[in-house]
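Data first, discussion second: the structure below is written as structure tokens.
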Amino acid sequence: MKVTGTRFGDIDFEDHRVLTFPLGLVGFPDETGFILLEPPTGRIVAWLQSTTTAGLAFPVVTSDEIGAGYPAPDVRELARRAHLVRSEDDTFASLVVVAYHPQTGRIANLLAPIVVNLGARIAAQVVLDSETYSAATPFPEERPTMPGAPRRTAVTAQAHR
Amino acid sequence: MSNGIELTVTEVTRRGVRLALSLPDGVMVFRGEIHDAIAAANADAARTTVDANDARVGDPSDRST
């Protein structure tokens with residue numbers, strides 16, 4: 001399959017790479033298909049590119065970039081709550097949507113991470129405790145680019161059993 | 001209600017009404033202001049461009065799946 005994104009041009013991908021969000025993302029309920037474009041080595045921001053809307057892509061980082069203890073509850077519990085568990089052998093990853101504001105710099109939406117069942121390729125944006133997490137948390141600037149960054153490959157976000 | 005959501009009045013008293021909400025698997029309920037904050041954050045993220053990130057996310061030619 002192919003999607004022509006407005007940011008990244010033509011992107012060819014195989015069907016099994018598609019992440020299905022049965023409920024879409026918050027505010028984007030009709031966007032149910034995305035592919036994850038991974039960052040080159042040394043960079044941390046990946047992009048979730050819609051498979052149906054060329055101009056729609058969300059920058060994301062793995063929750064490992066946020067720090068130990070995030071998210072709470074852990075990703076498996078969040079997957080259970082979101083009905084993303086298909087078997088005990090499933091592995092999961094969690095992603096955090098980030099954004100960039102010229103005035104405030106990069107912010108991360110820690111309130112609503114995205115949980116991915118890596119095997120089943122299903123995902124959901126879940127909501128954590130609003131007393132603990134914010135949808136607009138300042139996020140450090142990205143690490144410097146490493147030379148010789150390889151081309152993007154498959155989803156290799158940190159898996160959690 | 002739509003999308004398999006059921007709202008049932010389970011009790012009516014002088015003090016108020018008790019409701020029960022039945023939801024399909026995976027559907028979550030959260031306050032309207034929480035929904036709005038998350039939707040706004042998602043919209044901000046969707047407006048973020050590669051240029052706005054000062055190209056730190058890499059050259060578009062790096063991106064293939």
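These values consider heavy atoms only, across backbone and side chains, with no hydrogens, waters or symmetry-generated copies.
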Inset, instruction - Give the minimum heavy-atom separation between B:Ala46 and A:Phe28, together with the two atoms involved. - result: CB-CZ, 4.3 Å
Inset, instruction - Select one option (side chain, backbone, both, neither) describing which atoms of A:Ala136 are under 4.5 Å from chain B's heavy atoms. - result: neither
Legend entry - From A:Leu111 atom CG to B:Ile34 atom CD1, the distance as rounded to the nearest 0.5 Å: 5.5 Å
Legend entry - Over all atoms of both residues, closest heavy-atom pair of A:Pro59 and B:Ala45: CD-O, 3.2 Å
Legend entry - Heavy-atom closest contact (A:Ala135 atom, B:Ala37 atom, distance): CB-O, 4.0 Å
Inset, instruction - List the atom of A:Val127, the atom of B:Ile38, and the distance in Å for their closest heavy-atom pair. - result: CG2-CD1, 3.6 Å
Inset, instruction - Give a yes or no on this: more than 12 heavy atoms of other residues, nucleotides or ligands lie within 6.0 Å of atom CZ of A:Arg86. - result: yes
Legend entry - Pairwise distance CD1(A:Ile107) to OG1(B:Thr48) - rounded to 0.5 angstrom: 8.0 Å
Inset, instruction - Can you tell which part of A:Val98 gets under 4.5 Å to a heavy atom of chain B, answering side chain, backbone, both or neither? - result: backbone
